[in-house]
Amino acid sequence: MARLFVPGPTDVAPDVLAAQDQPMIGHRTQACAELLARIQPGLRRLFDTSHRVLISASSGSGLQEAAVRNCVRKRLLVCVSGAFADRWYNVAVANGVPTDRLDVAWGFPITPEMLESALLAEAYDAVAIVHNETSTGLENPIQELSLLVHELSPSTLLLIDAVSSAGGVPIKADHWGLDVVLTSSQKCLALPPGLAFAAVSDRALEKARTVPNRGWYFDFLLLDRYLTRNATPTTPALSLLFALDAQLQRIDAEGLEARFQRHARMASMVQSWSEQRFALFAQEGHRSKTVTAIRKTRPIDVHSLNEHLSKDHITVADGYGPLKSETFRIAHMGELRPVDLEKLLVMIDDFMEQPA
Ligand SMILES: *Cc1c(COP(=O)(O)O)cnc(C)c1O
């Protein structure tokens, strides 16, 4: 039963939750190696990569940190089109990484033209971009941006935060030439929070070899060295891996293409509903397929709305940070289905028709 129309944590299927309820296994055992080996192909399919997908016991922000620690020797550019890119910038600065930022008005995408001027003005080891900006409901044109970076500055790495898109939207890490694509377990992948994944290219590993002080816990070279033996340097979050194993099988059973189409269909339902009643925050042509940010063009008290929805244990999300008074958000990711959204939208209509 779907309840959480918020962009993470999302609802987890009962059998995936139940998969956690297994006895512990030693992490230096054959059983654990088999588990890690079984998980790897499913993860690679999510990112459409033939390379490794590293697994970390952290939330996605941990891998934002890992990406900038491993892939930047001299200078990083962070493209900021919302709150999560702003966080990535802060993560880089907090790690002492010399970092510039390229800002665009929230609700608008980073364009190839903007990125071109930035790349002509300065040399960067890496460019960091958030694929799906969860705060504004906007999808950045990663493939176009990547093409530009490869043309203009072939040695610059592409670091992509796909926390709220991986598993809900096609991402072609190899074909698009992406070097690090990171995500969290608790969004489109519909797993409990606590795991993060990064598809890492050979180029990114080569770069990491030249970067001193990469740290230890998130060192890509160390993680990769163990992963090639189906192992992890530290004790893995075994219960979460059991859940991941079960969820990858469910994702496979649905089919990735069907999963992506389900997300796209839900996005268009919420978008058209919103446009009839409110307005959308993100620019047309760049709207997210996994979360919609809706402008409060009519008064709507999201706290009271959630009280109204709480009898069915349903929650939607208010605007994020500085957008709290201006927007609210409906996530349509993970286990949610069009029928769940139909029900939700009727309930919101009922709420809005109530006398104040
Ligand atoms: C949720 C989110 C994050 C933060 O992820 P955590 O797993 O909470 O660390 C980062 N980027 C985006 C785009 C997000 O939606």
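One-based numbering, in listed order, for ligands and for the atoms of each. We're numbering straight along the sequence, starting at 1.
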Starting from [atom], what is the nearest protein heavy atom, named by residue and atom, and what distance separates them?
| atom | result |
| --- | --- |
| atom 4 (C) of ligand 1 | R87 NH1, 3.5 Å |
| atom 6 (P) of ligand 1 | S59 OG, 3.3 Å |
| atom 14 (C) of ligand 1 | K187 NZ, 3.0 Å |
| atom 8 (O) of ligand 1 | Q186 NE2, 3.6 Å |
| atom 11 (N) of ligand 1 | D161 OD2, 2.7 Å |
| atom 12 (C) of ligand 1 | F84 CG, 3.4 Å |

Begin with the C-alpha distance, continue with both residues' side-chain angles, and end with the deciding distance and a verdict on side chain to side chain contact (heavy atoms under 4.5 Å, CB included) for L195 and I55. CA-CA 7 Å; L195 287 181; I55 304 176; 4.2 Å; yes
At a 4.0 Å cut-off, with the gap strictly under it, does some heavy atom of E133 reach an atom of ligand 1? no
Contact check, H131 vs ligand 1, heavy-atom distance below 4.0 Å: no
Could you tell me whether the side chains of E284 and Q271 share a donor-acceptor contact shorter than 3.5 Å? no
Only heavy atoms of N132, strictly under 4.0 Å: list the atoms of ligand 1 that pass. 13 (C)
Can you name the side-chain hydrogen bond (donor to acceptor under 3.5 Å, both in side chains) partners of S61, sequence neighbours left out? R87
The option among S184, P9, A162 carrying the non-hydrogen atom nearest to atom 5 (O) of ligand 1 is S184
On the six-membered ring of F47, is R45 placed so that its NZ or CZ lies under 6.0 angstrom from the centre and within 45° of the ring axis? no
Minimal non-hydrogen separation, G177 against L158, with atom names: O-CD1, 3.6 Å
Please check whether T134 reaches ligand 1 - meaning an N/O of the residue sits under 3.5 Å from an N/O of the ligand, judged on distance alone. yes
Around atom CG of N213, are there more than 12 heavy atoms from other residues, nucleotides or ligands closer than 6.0 Å? no
